[in-house]
J.: 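Sharing a structure with you now.
Computation of the quantities below employed the complete heavy-atom set of this structure, encompassing side-chain atoms and omitting hydrogens, waters and symmetry-equivalent molecules.
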Amino acid sequence: MNGKTIYYHGRITTLDPSQPLAEAVVVERGRIVAVGETKQLLLDHGRAQVNKVDLQGGYVYPGFVDSHLHLSGVGQRLRWLDLGTCRSKAELLQAIKRRVVTSKEGEWILGMGLDENRLQGGAPTLEELDEASPHHPVLLARVCLHAHLVNSAAYRAAGITEATAPSEGGVFGRDGNGRLNGWVYEQASQPFYAAQPAPSYHEKKETIRQAMKQALACGLTGGHSEDLRYIGNVGELVRIYRELVDEGVKFRTHHLLYHPYLAELDELEPTELAPNPWVRLGAVKIFADGSIGGRTALMSAPYADDSSQIGVAIHEQAELLDLARRAAAYGRPIAVHAIGDEAARRVIETMEQVPAPAGELRHRLIHGQFLRADLIARLHRLDVVVDIQPRFVASDFPWVLERVGEQRIAYAYAWKTLLETGIPCAAGSDAPIEPLHPLLGMHAAVTRRRLEDPDTHPGYLPEQKLQPLAALRLFTQGSAYAEGMEKERGVIAVGRWADLTVYDRDLLQCPAEEWIEAKTVCTVVNGQIAYDGR
């Protein structure tokens with residue numbers, strides 16, 4: 001659409017200090033050409049041939065962008081068993097049995113969202129999984145996606161025996177007698193995924209399509225996604241996302257490139273590598289450690305509830321340096337998953353030794369859940385963005401206190417400390433690990449509590465609560481800065497891309513509890529309505 005459109009009768013928070021509030025926006029060729037009062041802009045631009053959209057008092061914000069998610073996982077979760085809805089072990093096992101009845105012979109039973117901390121009776125044992133599904137392989141992804149629970153049929157399908165050594169950076173769980181117990185950690189899950197039938201190109205594309213539509217319905221105008229472990233090829237990834245945009249799914253994506261696929265950049269045509277307003281290839285994704293829930297996050301001291309564990313190093317320091325140098329040779333920075341403080345230390349040391357190549361992209365420290373004062377000081381001296389996931393507070397507390405101990409909490413999930421130190425942060429959901437809706441992330445950032453907690457709950461580490469405006473900036477200006485697009489998005493101003501998120505309530509004035517009931521009035525991307533909830 002190259003014509004002009006006026007969005008009017010809105011209540012617009014621009015995040016532009018020169019014009020903080022407005023009523024109308026005029027867009028043309030995907031860009032904002034005017035911001036101001038409804039009466040004046042209709043007078044100046046409202047000719048008969050100009051398209052006019054009455055926002056009917058909707059509250060307008062710069063387009064929300066999720067800085068860290070997995071669109072492929074969001075789409076897959078729509079087809080897999082949703083274990084997050086199960087409240088007990090019995091309920092989970094019953095869900096598996098129902099899926100077995102409707103599945104073809106030998107078909108995998110796949111589930112996502114397993115959280116033993118919230119299941120009455122805890123996680124199923126290997127024997128209980130075998131009883132529920134004696135012939136169908138079962139693979140249940142823990143909510144963090146860094147641990148999985150499998151049954152004996154899955155071991156057989158993946159070719160895993162008691163004598164099999166896990167791949168580097170992975171662990172097979174074992175019982176007190178040293179026998180496999182069904183748990184699989186980190187890289188050790190690879191054989192189980194490899195044993196499953198590969199999805200077709202059509203299936204991959206439809207998986208992404210459904211995820212993008214769900215994101216638009218939440219008010220998201222874009223997302224920074226990592227999907228190569230599902231799609232399996234950089235060329236296919238670019239093709240799928242560009243085709244979906246051409247087919248009318250207007251959603252901007254920025255892609256982290258999982259490091260094993262880095263050399264595939266040599267196979268792309270210059271037109272595929274060139275950034276465009278819709279599909280951009282970004283930093284090289286690396287995992288330094290795992291998750292707190294699976295006790296695979298790499299800590300500098302043993303876990304408080306299991307002194308035999310300090311976590312899992314996916315790569316040793318020398319390997320991290322080598323990967324960073326390989327990324328730099330391709331002109332790309334690194335984006336590294338680091339949850340434990342020791343993993344963060346290793347990543348920061350790597351970024352100190354291998355600065356991000358010149359350009360708009362920056363190094364990214366992903367998660368940064370457990371830091372220390374010395375690590376924050378070192379981060380402040382670097383040009384690094386920290387990708388944070390506010391919803392982790394709602395999911396991990398209170399059990400995380402027992403896992404890590406009180407002495408390590410001072411700089412845990414310390415979003416306010418990072419911001420006040422001057423460290424750039426961007427917010428994402430890590431969906432499908434956490435719910436996709438950005439207002440759930442904002443709620444967690446502001447309240448520091450779970451949805452089921454009463455309003456009187458003080459919040460977990462309440463000194464780290466953010467004000468609504470700071471939380472809003474994380475999903476707008478923060479995500480724009482993280483991908484080097486701070487001059488293009490994150491603010492409603494003349495010359496910026498015309499990406500708008502419109503909700504039915506004032507996020508900066510109404511209580512955070514009301515955000516959960518918010519309705520997406522519409523999502524505008526590149527000046528066009530990409531989702532219409534009116």
J.: Using the ring of each side chain (for Trp, its six-membered ring), is Phe392 parallel, tilted or perpendicular to His367, with breaks at 30° and 60°?
T.: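 Correct class here is tilted.
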J.: Could you tell me whether a side-chain N or O of Asn181 sits under 3.5 Å from a main-chain N or O of Trp183, the two making a donor and an acceptor?
T.: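 Side chain of Asn181 to backbone of Trp183, a donor-acceptor pair under 3.5 Å: yes, one is there.
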J.: Given the rule in the side-chain hydrogen bond (donor to acceptor under 3.5 Å, both in side chains) test, do Tyr61 and Thr476 qualify, once you have shown the distances and angles that lead to the verdict?
T.: CA-CA 9 Å; Tyr61 306 93; Thr476 52; over 6 Å; no
J.: Just verifying a value: how many Å separate Leu461 CG and Phe397 CZ, rounded to the nearest 0.5 Å?
T.: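 Here the rounded value is 4.0 Å.
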J.: Kindly indicate whether a cation-pi arrangement holds for Arg473 with Tyr481, taking the cut-offs as under 6.0 Å to the six-membered ring centre and within 45° of the axis.
T.: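 Verdict for Tyr481: no cation-pi partner in Arg473.
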J.: I need the minimum non-hydrogen distance between Pro62 and Thr501, along with the two atoms involved.
T.: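 So the two residues come closest at O-OG1, 4.0 Å.
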J.: What is the minimum heavy-atom distance between Asp227 and His70, and which atoms define it?
T.: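 Looks like OD1-C, 3.7 Å.
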J.: Is there a donor-acceptor pair under 3.5 Å between the side chain of Arg449 and the backbone N or O of Val446?
T.: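 Side chain of Arg449 to backbone of Val446, a donor-acceptor pair under 3.5 Å: no, none is there.
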J.: Run the side chain to side chain contact (heavy atoms under 4.5 Å, CB included) test on Leu140 and Leu92 for me, step by step, so that the C-alpha distance in whole Å, both residues' side-chain angles and the decisive distance to 0.1 Å come before the verdict.
T.: CA-CA 10 Å; Leu140 308 181; Leu92 184 149; 4.0 Å; yes
J.: Please check this pair: side chain of Ser167 against backbone of Gly170, looking for a donor-acceptor N/O pair closer than 3.5 Å.
T.: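 No; judged by distance alone, with no hydrogens or angles, the pair does not exist.
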J.: Applying the salt bridge (Lys or Arg N to Asp or Glu O under 4.0 Å) criterion to Asp341, which one of Arg346, Arg372, Arg408 satisfies it?
T.: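 The passing option is Arg372.
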J.: Side chains of Ile160 and Val150: closer than 4.5 Å at any heavy-atom pair?
T.: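 Sidechains of Val150 and Ile160: no contact.
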J.: Quick check: do Leu265 and Leu281 have side-chain heavy atoms less than 4.5 Å from each other?
T.: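 SC-SC contact between Leu265 and Leu281 confirmed.
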J.: Would you say that more than 12 heavy atoms from the other residues, nucleotides or ligands in this model lie under 6.0 Å from the CD of Gln467, or not?
T.: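 Incorrect, the count does not exceed 12.
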J.: Are more than 12 heavy atoms from other residues, nucleotides or ligands located less than 6.0 Å from atom CD of Glu360?
T.: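 More than 12 within 6.0 Å, yes.
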J.: Are Thr221 and Thr523 side-chain neighbours, meaning at least one heavy-atom pair lies under 4.5 Å?
T.: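 Yes, close enough: below the 4.5 Å cut-off.
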J.: Are any of the side-chain nitrogens in Glu463 or Lys416 under 4.0 Å away from the carboxylate oxygens of its partner?
T.: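 The answer is no: the pair does not qualify as a salt bridge.
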J.: Please lay out, stage by stage, how Leu365 and Leu382 fare under the test side chain to side chain contact (heavy atoms under 4.5 Å, CB included).
T.: CA-CA 11 Å; Leu365 176 70; Leu382 292 170; over 6 Å; no
J.: Does any non-hydrogen side-chain atom of His254 lie less than 4.5 Å from one of Val65?
T.: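 Sidechains of His254 and Val65: no contact.
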J.: So, are Arg391 and Asp430 salt-bridged, with charged N and O less than 4.0 Å apart?
T.: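 No salt bridge links Arg391 with Asp430.
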J.: Is Arg450 reaching over with its side chain to a backbone N or O of Ala394, donor-acceptor style, under 3.5 angstrom?
T.: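 No, Arg450 side chain to Ala394 backbone: no donor-acceptor pair under 3.5 Å.
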J.: The test is side chain to side chain contact (heavy atoms under 4.5 Å, CB included); show your working for Tyr193 and Arg229 and say whether it passes.
T.: CA-CA 10 Å; Tyr193 281 101; Arg229 285 173 292 165; over 6 Å; no
J.: Kindly give the heavy-atom pair with the smallest separation between Ala283 and Leu361, and that separation in Å.
T.: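 Of all heavy-atom pairs spanning Ala283 and Leu361, the closest is N-CD1, 4.4 Å.
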J.: Taking the six-membered ring where the residue is Trp, are the ring centres of His255 and Tyr241 under 6.0 Å apart?
T.: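 Centroid distance His255-Tyr241: below 6.0 Å, so yes.
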J.: Would the distance check show the side chain of His457 and the main-chain N or O of Thr447 forming a donor-acceptor pair, the cut-off being under 3.5 Å?
T.: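 No; zero donor-acceptor contacts below 3.5 Å.
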J.: Which pair of non-hydrogen atoms, one from Ala288 and one from Val347, has the smallest distance, and what is that distance?
T.: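 Distance-wise, the nearest heavy atoms are CB-CG2, 3.8 Å.
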J.: CD/Gln389 to CG/Asp66 distance, rounded to the nearest 0.5 angstrom?
T.: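 One gets 8.5 Å once the value is rounded to the nearest 0.5 Å.
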J.: By the definition side-chain contact (heavy atoms from CB on, under 4.5 Å), identify the one residue from Leu114, Asp115, Asp396, Asn117 that meets it with Val143.
T.: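 Checked Leu114, Asp115, Asp396, Asn117 against Val143; only one passes side-chain contact (heavy atoms from CB on, under 4.5 Å): Asp115.
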J.: To the nearest 0.5 Å, what is the distance between OG1 (Thr417) and CD1 (Ile376)?
T.: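 It comes to 5.5 Å.
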J.: Could you check whether any side-chain heavy atom of Leu15 comes within less than 4.5 Å of a side-chain heavy atom of Leu469, counting everything from C-beta outward?
T.: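 They are in side-chain contact.
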J.: Is there a donor-acceptor pair under 3.5 Å between the side chain of Asp289 and the backbone N or O of Gly340?
T.: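 Looks like yes, one N/O pair under 3.5 Å.
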J.: Between Thr350 and Gln317, does a side chain to side chain contact (heavy atoms under 4.5 Å, CB included) hold up when you go through it step by step?
T.: CA-CA 8 Å; Thr350 299; Gln317 187 69 54; 2.9 Å; yes
J.: Name the residue from Val336, Asp383, Leu379 that meets the side-chain contact (heavy atoms from CB on, under 4.5 Å) definition with Met351.
T.: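 When Val336, Asp383, Leu379 are each tested with Met351, the side-chain contact (heavy atoms from CB on, under 4.5 Å) holds only for Val336.
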J.: Can you find a heavy atom in the side chain of Ile366 that is under 4.5 Å from one in the side chain of His68?
T.: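 Ile366 reaches His68 side chain to side chain.
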J.: Could you go through the side-chain hydrogen bond (donor to acceptor under 3.5 Å, both in side chains) check for His224 and Arg364 one step at a time?
T.: CA-CA 12 Å; His224 305 178; Arg364 298 164 75 150; 2.9 Å; yes
J.: Could you check Phe64, Tyr59, Trp515 and say which one makes a ring pair (Phe, Tyr, Trp, His ring centres under 6.0 Å) with Tyr503?
T.: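 Exactly one pass, corresponding to Phe64.
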J.: Below 6.0 angstrom between ring centroids: does that apply to His148 and His146?
T.: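 No: the rings miss the under 6.0 Å criterion.
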J.: Are Glu488 and Arg252 ion-paired here, with the side-chain N under 4.0 Å from a carboxylate O?
T.: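 Salt bridge absent between Glu488 and Arg252.
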J.: Checking the side chain of Arg378 only, and the main-chain atoms of Arg345 only, is there a donor and an acceptor separated by less than 3.5 Å?
T.: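 Side chain of Arg378 to backbone of Arg345, a donor-acceptor pair under 3.5 Å: no, none is there.
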J.: State the OH-CD distance between Tyr411 and Gln464, to the nearest 0.5 angstrom.
T.: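 The CD atom of Gln464 is 9.5 Å from OH of Tyr411, to the nearest 0.5 Å.
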J.: Is there a donor-acceptor contact under 3.5 Å from the side chain of Thr14 to the main chain of Gln19?
T.: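 Yes, the answer is positive, given that a donor and an acceptor are paired below the 3.5 Å cut-off.
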J.: With side chains defined as the heavy atoms from C-beta onward, is the minimum distance between Leu323 and Ile334 less than 4.5 Å?
T.: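 Counting from C-beta outward, Leu323 and Ile334 never come under 4.5 Å.
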J.: Look at the rings of His337 and Phe287 and say which category their plane angle falls in: under 30° parallel, 30 to 60° tilted, over 60° perpendicular.
T.: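 The rings of His337 and Phe287 sit tilted, inter-plane angle from 30° to 60°.
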J.: So, taking the atom named CG in Leu180 and the one named CG in Leu126, what distance separates them when rounded to the nearest 0.5 Å?
T.: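 Between atom CG of Leu180 and atom CG of Leu126 there are 8.0 Å.
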J.: Is the backbone N or O of Trp399 less than 3.5 Å from a side-chain atom of Glu402, with the two atoms forming a donor-acceptor pair by type?
T.: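 Between the backbone of Trp399 and the side chain of Glu402 there is no qualifying donor-acceptor contact (under 3.5 Å).
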J.: For residues Tyr303 and Thr296, report the shortest heavy-atom separation together with the two atoms involved.
T.: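 Smallest interatomic distance, heavy atoms only, reads OH-N, 3.8 Å.
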J.: Spell out, as yes or no, whether a donor-acceptor pair under 3.5 Å connects the side chain of His443 to the backbone of Leu451.
T.: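 Side chain of His443 to backbone of Leu451, a donor-acceptor pair under 3.5 Å: no, none is there.
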J.: Which heavy atom in Gly331 sits nearest to a heavy atom in Pro357, and how many Å separate them?
T.: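 For Gly331 and Pro357, the tightest heavy-atom pair comes out as C-CG, 3.7 Å.
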J.: Got a second to check how far Arg448's CZ is from Lys465's NZ, nearest 0.5 Å?
T.: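 Arg448 atom CZ to Lys465 atom NZ measures 9.5 Å (nearest 0.5 Å).
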J.: With a 6.0 Å cut-off on ring centres, are Tyr460 and Tyr413 close enough?
T.: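 Centroid separation for Tyr460 and Tyr413: 6.0 Å or greater.
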J.: Could you tell me whether the side chain of Val184 reaches within less than 4.5 Å of the side chain of Phe192, counting heavy atoms only?
T.: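 Of all side-chain heavy-atom pairs linking Val184 with Phe192, at least one is under 4.5 Å.
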